[in-house]
> 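One structure, as structure tokens, below. Some questions next.
Chain identifiers are assigned alphabetically (A, B, ...) following the order of the sequence lines, protein sequences preceding nucleic acid strands; residue numbering begins at 1 within each chain. Just so it is clear, the values below take in all heavy atoms, side chains as well, and ignore hydrogens, waters and symmetry mates.
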Protein chains: 2
Amino acid sequence: MAAFRRFNRYFTRRIGVLDDHYLGQDRPLGEARLLFEIGEGASLRELRRRLGLDAGYLSRMTKALQAQGLVRLVVPAHDNRLRLVEPTPAGRAEVAEQQRRADALAAGLLEGLGPAQRAELTAAMATAERLLRLAGITVETVDGASADARACLDAYAADIDARFPEGYDKAALVRPEEVTGDAGAFLVAYEEQRPVGCGALRRLAPGVGEIRHVWVHPEARRLGLARRLLAGLEQAALARGLAVVRLDTHAVLTEAQAMYRACGYAEIPRYNDDVYGGHWFEKRLRAEDGA
Amino acid sequence: MAAFRRFNRYFTRRIGVLDDHYLGQDRPLGEARLLFEIGEGASLRELRRRLGLDAGYLSRMTKALQAQGLVRLVVPAHDNRLRLVEPTPAGRAEVAEQQRRADALAAGLLEGLGPAQRAELTAAMATAERLLRLAGITVETVDGASADARACLDAYAADIDARFPEGYDKAALVRPEEVTGDAGAFLVAYEEQRPVGCGALRRLAPGVGEIRHVWVHPEARRLGLARRLLAGLEQAALARGLAVVRLDTHAVLTEAQAMYRACGYAEIPRYNDDVYGGHWFEKRLRAEDGA
DNA sequence: GGAGGTCTCTGACTACAGTCAAGGAATGGC
DNA sequence: GCCATTCCTTGACTGTAGTCAGAGACCTCC
């Protein structure tokens, strides 16, 4: 804990401040950040949400960037209230220059290290980033019909539709009422208010639950999030008096199968007529599981 | 490199900004930082140097803190121009509250992690900090009579005086002219403009140099800095046509002996009449050493 | 006993970051 | 067709950070 705070202080002082300062250089920091966030184009609404800025403040900064010839404002056809901000060639060049400067700064910071030390540093940072991200993700029970739940399921369906040789029919997804209240549960994992994973639990038979649709956003994989979702679903099952949970996976999802085995699931014979099923698993839950 | 920048961005956004923001809370960030830096008391001059602030700005902020009853200004007896800033009990309480808040924030960030994951995170951060610090340290050749060189040698002498059972007589230190120009070299390692280590090279005989006074500040140990200093001295020796370097160490400095062996030094018979010598080492240099 | 330098304080600024409220234009639901 | 809502813009502010120049008190060195 003390070590954590120590690192934070040291790192912020050495890198954080510098980074921002050099990035802006000849331009107010707010504008530089905004320009960077615009990227290849974004709506003002989106930028306001993402950066948490006041509408008036954002409007003015955007105008300033426009006056400098760095961005263009266009009105989208489908909604005349909105404004899309797009970088001009000059704006793109400016961002590239920002990146170049930041890279040069980073290179300068690493100058004193040999290749082996750099590799060690990179590995340590990757580990720290992975764990910090995982620490920042919260798993919440939401209504199966909520927008976030539907968005996750849509992404899940699109994801496996691309991976299954036979595709995936969205009609096979759980219905909201199956995962609500006593019947079951729907969990969504949030990273900085953005849903990045989900999992569903439904009642299969008395005392037996089924786990379905465990999914993690591609950008949030390899953090250990699927295990957290699984543990949360197991806890939800126990809370509903379901001492046994089952699930099936498609034959192509080999990593998923490995994870279920590692989490105490044992392969069992086919228990349903799911057309996508290739492997069936079961786990008997005890109170300490999913804690 | 990309990973490095990625981590910087992520970390700054997640931790750095928050940290500062929460720290200040009901007080301008500048004042909060200043109060923290004052610690148990400091002179305005010192604070100005350390924080890189404008004299007028600092004066005003200090006055503001004084008006809030958080610090006291006293004039030191030895120089009436200076002002010492000391925290009042209320100021101390304020800093403690800052710390408490920052700790709570950090604890909140780590909440989602189990003990094993926390340990992994802490280890990764310690590694990253060690390497970043090492990367930020520069080794420079300075005049043996310079203030920094003398400060390092004084610290070195005090250090080993405490460790040698028989104490240490400063008369045994190299004289500035022995480590100047063609005769030898004096290296000082700087971390953020502060000298944190040194090493001396002098000519012992034609083609033979002697390395002396390799020292690292207690707060900069275990970074691998002694090896860098040693490599720098070897390079300096080669540049002066000294293909062989020797050195001696006291019997109690066992870590130093291990380091010399690891760096290619072989123990040899006594080659001088140094009263502090307990082990004598030699290394034949090749062009690639010390590069 | 100056002369030159150091240290602090004060006044007068500037720029950036951010907030609040009013209002116009457009949209969507009824 | 109306009304509430959304989205953006504009004007009027506030507070913080930071700079610059001048002046007074004091110190050190010669």
Side-chain angles (χ1 to χ4, degrees), chain A residues 12-13 16-18 20-38 41-68 70-86 147, chain B residues 12-13 16-18 20-38 41-68 70-86 147:
Chain A
T12 310
R13 192 164 51 76
V17 181
L18 273 173
D20 271 357
H21 220 256
Y22 278 74
L23 209 69
Q25 204 94 30
D26 42 2
R27 181 178 312 291
L29 182 54
E31 285 181 20
R33 258 205 295 252
L34 176 58
L35 189 57
F36 176 79
E37 283 292 335
I38 288 168
S43 69
L44 285 186
R45 171 170 62 174
E46 196 182 331
L47 289 167
R48 222 178 41 219
R49 298 255 161 87
R50 213 155 68 204
L51 297 172
L53 295 175
D54 175 78
Y57 184 30
L58 177 60
S59 174
R60 242 183 291 269
M61 272 203 294
T62 312
K63 269 201 132 181
L65 288 177
Q66 192 183 20
Q68 292 167 70
L70 299 174
V71 301
R72 215 187 350 257
L73 277 173
V74 296
V75 179
H78 68 282
D79 190 337
N80 284 317
R81 293 170 305 178
L82 288 173
R83 296 289 176 278
L84 297 181
V85 199
E86 295 175 348
Chain B
T12 310
R13 193 164 49 75
V17 181
L18 273 173
D20 271 357
H21 220 254
Y22 276 73
L23 210 69
Q25 204 93 31
D26 42 3
R27 180 178 315 290
L29 182 54
E31 284 180 21
R33 258 205 295 253
L34 177 57
L35 190 57
F36 177 78
E37 283 292 334
I38 286 168
S43 69
L44 285 185
R45 172 171 61 174
E46 196 182 330
L47 290 167
R48 222 177 44 216
R49 298 254 160 87
R50 210 154 69 204
L51 297 172
L53 297 175
D54 175 79
Y57 184 33
L58 177 60
S59 174
R60 241 181 293 268
M61 271 204 294
T62 312
K63 268 199 132 179
L65 288 177
Q66 192 183 21
Q68 291 168 71
L70 299 174
V71 301
R72 217 190 343 259
L73 278 174
V74 296
V75 181
H78 68 282
D79 189 338
N80 284 316
R81 293 171 304 179
L82 288 173
R83 296 288 177 279
L84 296 181
V85 199
E86 296 175 347

> Under 4.0 Å between a side-chain N or O of A/Lys63 and OP1 or OP2 of D/dT10?
yes

> Nearest to the B/Ser59 side chain among D/dT5, C/dT10, D/dC8, which nucleotide is it?
C/dT10

> Relative to the 5' end of DNA chain D, which residue comes earlier, B/Asp54 or A/Thr62, by the nucleotide with the nearest heavy atom?
A/Thr62

> Output the rounded distance in Å from CG (A/Leu58) to C1' (D/dC8).
9 Å

> Please confirm whether the shortest side-chain N or O distance from A/Asn80 to OP1 or OP2 of C/dT27 is below 4.0 Å.
yes

> Distance check needed: C/dC16 P versus A/Leu65 CG, whole Å only.
13 Å

> When rounded to the nearest 0.5 angstrom, what is the spacing between CZ in B/Arg27 and CG in B/Leu35?
7.0 Å

> Identify whether the distance between the nearest side-chain nitrogen and carboxylate oxygen of A/Arg33 and A/Glu37 falls below 4.0 Å.
no

> Atom CG in B/Leu84, atom CD1 in B/Ile38: separation rounded to 0.5 Å?
11.0 Å

> Which part of the nucleic acid does A/Arg48 contact within heavy-atom distance under 4.0 Å: base, sugar-phosphate only, or nothing?
sugar-phosphate

> For D/dC7, does OP1 or OP2 lie under 4.0 Å from any side-chain N or O of A/Arg45?
yes

> Pick base, sugar-phosphate or nothing for A/Gly30, based on heavy-atom distances below 4.0 Å to the nucleic acid.
sugar-phosphate

> OP1 or OP2 of D/dT6 sitting under 4.0 Å from any side-chain N/O of A/Arg49?
no

